[in-house]
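Let me begin by presenting the structure, written as structure tokens, before commenting on it.
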Amino acid sequence: LKDYSRAEECLLRKARSAFKDYQNTFLNLNNVRGNNVLGGSLSMDDWLFSSNTAISLIPNGASGLCVLGNVFRASNRKPKAIQFFKASLELDPFLWSSIEALAELGSLDTNKQDLKPHQIALLNQSKKSKKIEVVNQNIKDESTLMFAESPVAPSSPNPAADGDNSHEENGVSRVQFQTPGLTPIAPSSVSRLHHNEGPETPDSQTPSSTTLNFLVNHQPHSSMRMALETPAARRGPDASDDMQDDPGAPSERRKKLFSSTTENSNFLSNAAGGLNETNRTPGPAALEPKKSSFITSSATEALPKNSLEVILRLLTTAGTFYQHVCQYRCKEAIQEMQQLSWKQQNTGWVLHQQGRAHLELNEFTAAQRCFEQMQTRDPARMVGLELLSTVYWHLKKEVELSYLAQRVLDTDRLSPVTWCVVGNCFSLQKDHETALVFFRRSLQLDPNFTYIHTLSGYEYMANEDFDKAIVCFRKALRINERHYNAWYGLGAIYHRQEKFDLAEYHFERAVQLHPMSSILLCNLGIAQYASGKAYQALDTLAQAFRLDPTNPQARFQRANIYSALHRPSEAYAELVKVRDSAPREAAVHFAMGKVLKRLGRPQEAITSFLTAMDLDPKDNQIIKSAMDKVSEPDVGEESMSTF
């Protein structure tokens with residue numbers, strides 16, 4: 001919290017100073033009017049979002065607002081965090097970090113929108129205010145390039161920003177760009193695009209573009225980074241031999257520098273040219289920079305308005321898809337994903353989220369297919385493999401899980417995902433202590449790995465160490481209170497401890513986060529019945545099997561409740577449907593035998609008891625005792641465990 005406080009102070013220092021001046025001005029006005037009360041003045045939050053002038057006091061524009069939103073989110077001040085994320089998107093609608101954060105918080109505007117008028121005005125202003133000039137200077141007898149910009153930037157309320165924008169570096173005066181309303185690209189990001197391997201020269205900054213900023217800073221996977229690199233950079237250091245020109249030939253060097261700069265300046269325009277407005281997907285031209293003559297227009301100017309809107313709609317569709325996944329609206333997420341082109345659907349990120357949606361729907365085979373295809377498309381990707389190991393765990397595929405564990409060990413031993421996969425491998429083999437060792441190793445690498453805390457809790461539950469399991473689940477919720485698996489784990493522990501009120505509360509919290517889960521609703525219904533709420537439990541269980549008709553557990557529990565309420569006809573009707581879905585479950589046939597006995601059909605009851613005995617010989621004593629009492633009234637009958 002101290003680090004978050006220092007970060008907040010650093011980002012809001014100028015804004016708070018200006019707010020104090022505003023308060024003093026307002027107080028002076030009240031004193032002049034004879035009113036000593038500071039009534040009517042705005043609060044800090046209202047003042048900050050009241051005008052663009054106040055927002056401009058936060059450094060680095062949209063990026064600074066996004067960082068500030070992350071600070072407020074990490075310190076559990078989510079309403080303010082949402083405000084800052086939305087404000088950053090007003091300045092930079094292409095900032096994926098803010099789109100992703102709002103989607104995770106469930107506050108992303110999912111309406112397909114075009115660029116707003118004020119955003120188009122900012123882009124047009126950016127075009128007029130930027131000019132690229134080639135300046136020839138001799139530094140250490142070598143020709144270098146320096147890009148200068150005409151000072152047409154809007155006035156800043158910060159006095160320090162009104163001064164000279166140039167500063168000295170290695171004795172060379174450099175001009176800083178001011179892009180109104182847009183997030184500038186850091187020099188380090190631009191240098192990653194250039195890959196100039198000649199002599200060191202002052203950094204050549206290209207005009208910033210929010211779209212280029214998104215493409216450079218928000219492509220997490222190696223496959224896309226390969227597309228951004230120039231062929232010379234991929235070949236390695238030996239490719240710079242042709243750059244070792246004679247110092248006496250500055251014109252050749254200038255040509256090469258012009259060519260290198262041109263490729264990167266035109267990259268975004270080529271990407272826009274490769275966009276198909278119907279499919280909203282980058283074509284081949286978006287991945288291969290073309291060589292062309294040097295142009296004196298900015299990257300933003302090279303993009304027509306409709307191309308920017310195509311990119312914006314693509315990001316909006318991806319953000320909507322991601323928000324549905326984060327809110328566990330998995331069927332809607334899959335439908336939204338189908339609006340993307342097939343090229344976008346086959347990227348590692350989309351396949352990861354699609355597999356996650358199938359996993360939440362308990363469609364393990366479909367989830368396995370998505371995660372394995374993700375591996376094929378992006379072999380270096382580690383994120384998402386922990387979910388693939390969970391799929392293998394549910395499907396009891398020991399060979400595949402063992403192979404995946406060996407593969408991630410060979411890929412990256414310093415990734416927390418690696419030890420999560422290895423821990424799941426030992427958990428499938430019922431070696432819970434070893435699994436916990438590897439889960440602890442994963443937490444050493446990433447203490448905020450929510451999923452590992454939850455898995456550790458389940459391993460402690462398997463060892464019946466409930467106190468440590470509760471600690472693990474609470475740590476997971478402290479990091480992410482929307483992690484419904486931890487709420488479910490706490491409810492399961494309290495149910496086993498026969499603390500049914502607490503179990504019902506935690507199951508309700510899990511259902512609130514994931515209302516489309518049939519399993520969560522089924523457990524909630526069981527807890528409600530244990531708490532004495534039989535009719536409420538019947539409604540909850542009915543909702544559970546409506547969500548997933550293939551889940552027989554909900555109908556089986558309804559049959560047990562009907563039997564306890566002395567309604568054998570309804571119980572028998574439910575058990576017949578359960579038997580058709582799970583014909584080899586001994587508990588179902590045993591329950592049918594008891595219900596048939598109450599209905600006065602002893603021969604059919606004996607047949608059901610014999611079938612249950614054949615399917616589960618270990619409960620022979622309970623079944624034989626029930627068979628001996630077929631002709632007796634129901635008093636203190638024993639029951640088998642649920643399947």
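Only a predicted model underlies this, so the values are computations on that prediction, with no experimental measurement involved.
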Among residues at least two apart in sequence or on other chains, which ones pass side-chain contact (heavy atoms from CB on, under 4.5 Å) with [X]?
X: L513; result: R482, Y484, W487
X: V383; result: H352, R381
X: M613; result: N620, I623, K624, M627

- Between R73 and E104, is there a salt bridge with N-O shorter than 4.0 Å? yes
- Item | Residues E336, R329: salt bridge by 4.0 Å N-O rule | no
By side chain to side chain donor-acceptor pair (under 3.5 Å) - contacts of [X] (at least two apart):
X: Y458; answer: none
X: N463; answer: E433
X: E459; answer: S427, H432
X: S517; answer: none

Please confirm whether the backbone N or O of [Y] pairs with a side-chain atom of [X], one donor and one acceptor, at under 3.5 Å?
X: S415; Y: D412; answer: no
X: T320; Y: T316; answer: yes
X: S389; Y: V421; answer: no
X: R77; Y: V71; answer: no
X: Q345; Y: L340; answer: yes
X: H453; Y: P447; answer: yes
X: W419; Y: L409; answer: no
X: S88; Y: F85; answer: yes
X: K597; Y: K629; answer: yes

- Message: Can you tell me how the ring of F590 sits relative to the ring of F609, calling it parallel under 30°, perpendicular over 60° and tilted otherwise?
- Response: tilted
- Classify the angle between the aromatic ring planes of F321 and W349 as parallel (below 30°), tilted (30 to 60°) or perpendicular (above 60°). perpendicular
- With sequence neighbours excluded, give me every salt bridge (Lys or Arg N to Asp or Glu O under 4.0 Å) pair touching residues 542-555. R555-E574
- Message: Test: salt bridge (Lys or Arg N to Asp or Glu O under 4.0 Å). Region: residues 396-410. Which pairs qualify, not counting sequence neighbours?
- Response: none
Report yes if some heavy atom in the side chain of [X] is under 4.5 Å from a heavy atom in the side chain of [Y]; otherwise report no.
X: L388; Y: M374; value: no
X: K475; Y: S456; value: no
X: M592; Y: R579; value: yes
X: Y562; Y: P568; value: no
X: V408; Y: V417; value: no
X: F545; Y: R558; value: yes
X: E504; Y: F507; value: no

Least distance between heavy atoms, [X] atom then [Y] atom:
X: L351; Y: C370; result: O-CB, 3.7 Å
X: L404; Y: L385; result: CD2-O, 4.0 Å
X: L89; Y: L95; result: CD2-O, 3.6 Å
X: F473; Y: G457; result: CZ-C, 3.6 Å
X: A103; Y: G319; result: CB-O, 3.8 Å
X: A435; Y: G423; result: CB-O, 3.3 Å

- Query: Q327 and Q323: side chain to side chain donor-acceptor pair (under 3.5 Å), yes or no, with the steps?
  - Reply: CA-CA 6 Å; Q327 299 298 315; Q323 178 166 257; 5.6 Å; no
Between [X] and [Y], is the ring centre distance below 6.0 Å?
X: Y460; Y: F466; result: no
X: Y494; Y: H506; result: yes
X: H495; Y: F500; result: yes

- Who are the salt bridge (Lys or Arg N to Asp or Glu O under 4.0 Å) partners of E570, not counting sequence neighbours? R567
- With sequence neighbours excluded, what pairs up with E508 under the salt bridge (Lys or Arg N to Asp or Glu O under 4.0 Å) test? none
Atom pair [atom1]/[atom2] of [X] and [Y] - distance to nearest 0.5 Å:
X: L575; Y: F556; atom1: CG; atom2: CZ; answer: 7.0 Å
X: L359; Y: F371; atom1: CG; atom2: CZ; answer: 6.0 Å
X: I311; Y: F94; atom1: CD1; atom2: CZ; answer: 6.0 Å
X: L102; Y: S107; atom1: CG; atom2: OG; answer: 6.0 Å
X: D467; Y: I493; atom1: CG; atom2: CD1; answer: 9.0 Å

- With side chain to side chain contact (heavy atoms under 4.5 Å, CB included) as the test, would you mind laying out the steps for E464 and R496 before giving the verdict? CA-CA 10 Å; E464 297 189 354; R496 292 178 65 175; 3.7 Å; yes
- Item | Derivation of the side chain to side chain donor-acceptor pair (under 3.5 Å) call for D431 and T434 | CA-CA 6 Å; D431 191 350; T434 306; 2.8 Å; yes
- Task: Output every pair passing side chain to side chain donor-acceptor pair (under 3.5 Å) with a member in residues 600-609, not counting sequence neighbours, ordered by first then second residue.
- Result: R601-E604
- Item | Name of the residue among R509, K78, R474 meeting salt bridge (charged side-chain N to carboxylate O under 4.0 Å, His left out) with E481 | K78
- Message: One pair to check against side chain to side chain donor-acceptor pair (under 3.5 Å): T540 and Y529. What are the steps and the verdict?
- Response: CA-CA 10 Å; T540 303; Y529 173 65; over 6 Å; no
- Task: Report, as yes or no, whether the 6.0 Å neighbourhood of atom OH on Y322 holds more than 12 heavy atoms from other residues, nucleotides or ligands.
- Result: yes
- Item | Stepwise side chain to side chain donor-acceptor pair (under 3.5 Å) test for T454 and N485 | CA-CA 7 Å; T454 304; N485 306 76; over 6 Å; no
- Between S563 and Y572, is any side-chain donor less than 3.5 angstrom from a side-chain acceptor? no
